[in-house]
Amino acid sequence: MNFKNLIHVLAISILLFSCSSGDDDSTTDIDPNSSGKVTYNGNIKVIISGNCANCHGSTPANGAPSSASFNTYAKVKAAVDKIITRTNDTSNPMPVNGLMSQTNRDLIKKWKADGLLEN
């Protein structure tokens, strides 16, 4: 193999290894804040809005209990343990149409572990 071909092989090898992280999880950089912690406003609010607010909004609907409104940080924070339990329950899942993505469920757990930060 001549020197020019060796350089090409090395360059391609470096590109292949640097572009492959070993897993296909796109949540490596999950938080835009500099601390690397998950926050309600930065991460969780959009998950709740997209997956829960249809039934657990200002006025709970579709059989959701009246005490289960998740329209504010304080209400979501107060219900985080129940949210984690129900969003991971395969026999009685929330949302009712099936479990939300593992990424979203993991973010909610990390938010709790990070201290339930608002901002």
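- The CG atom of Asn92 lies 11.5 Å from the OG1 atom of Thr85; values are rounded to the nearest 0.5 Å.
- Contact between Tyr40 and Thr72 at its shortest, heavy atoms only, is OH-C, 3.7 Å.
- Using a 4.5 Å cut-off on side-chain heavy atoms (C-beta onward), Lys112 and Asp81 make contact.
- To the nearest 0.5 Å, atoms NE2 (His56) and CG (Asn51) are separated by 11.0 Å.
- With 3.5 Å as the limit, one finds a donor-acceptor pair spanning the side chains of Asn71 and Ser69.
- Residues Met94 and Leu99 do not share a hydrophobic cluster, defined by chaining ILVMFWY side chains whose heavy atoms lie under 4.5 Å apart.
- Ile47 contributes atom CD1, which lies 10.0 Å from atom CH2 of Trp111 (distance to the nearest 0.5 angstrom).
- What you find for Ala64 and Pro60 is that their closest heavy atoms are O-CB, 3.6 Å.
- Separation of atoms OG (Ser101) and CG (Leu107) is listed at 8.0 Å; rounding is to 0.5 Å.
- Note that CD of Gln102 and CG of Asn88 are 6.5 Å apart. Values are rounded to the nearest 0.5 Å.
- Remark: the backbone N or O of Val38 is not paired with any side-chain donor or acceptor of Asn43 at under 3.5 angstrom.
- Crowding of Asn54 atom CG: a count of heavy atoms from other residues, nucleotides or ligands under 6.0 Å not exceeding 12.
- By the criterion of side-chain heavy atoms lying less than 4.5 angstrom apart, applied directly or through intervening Ile, Leu, Val, Met, Phe, Trp or Tyr residues, Met100 is not grouped with Val96; the two fall into different hydrophobic clusters.
- In this structure, the separation between NZ on Lys110 and OG1 on Thr39 is 10.5 Å, given to the nearest 0.5 Å.
- A chain of hydrophobic side-chain contacts below 4.5 Å, direct or via other Ile, Leu, Val, Met, Phe, Trp or Tyr residues, connects Ile84 to Tyr73.
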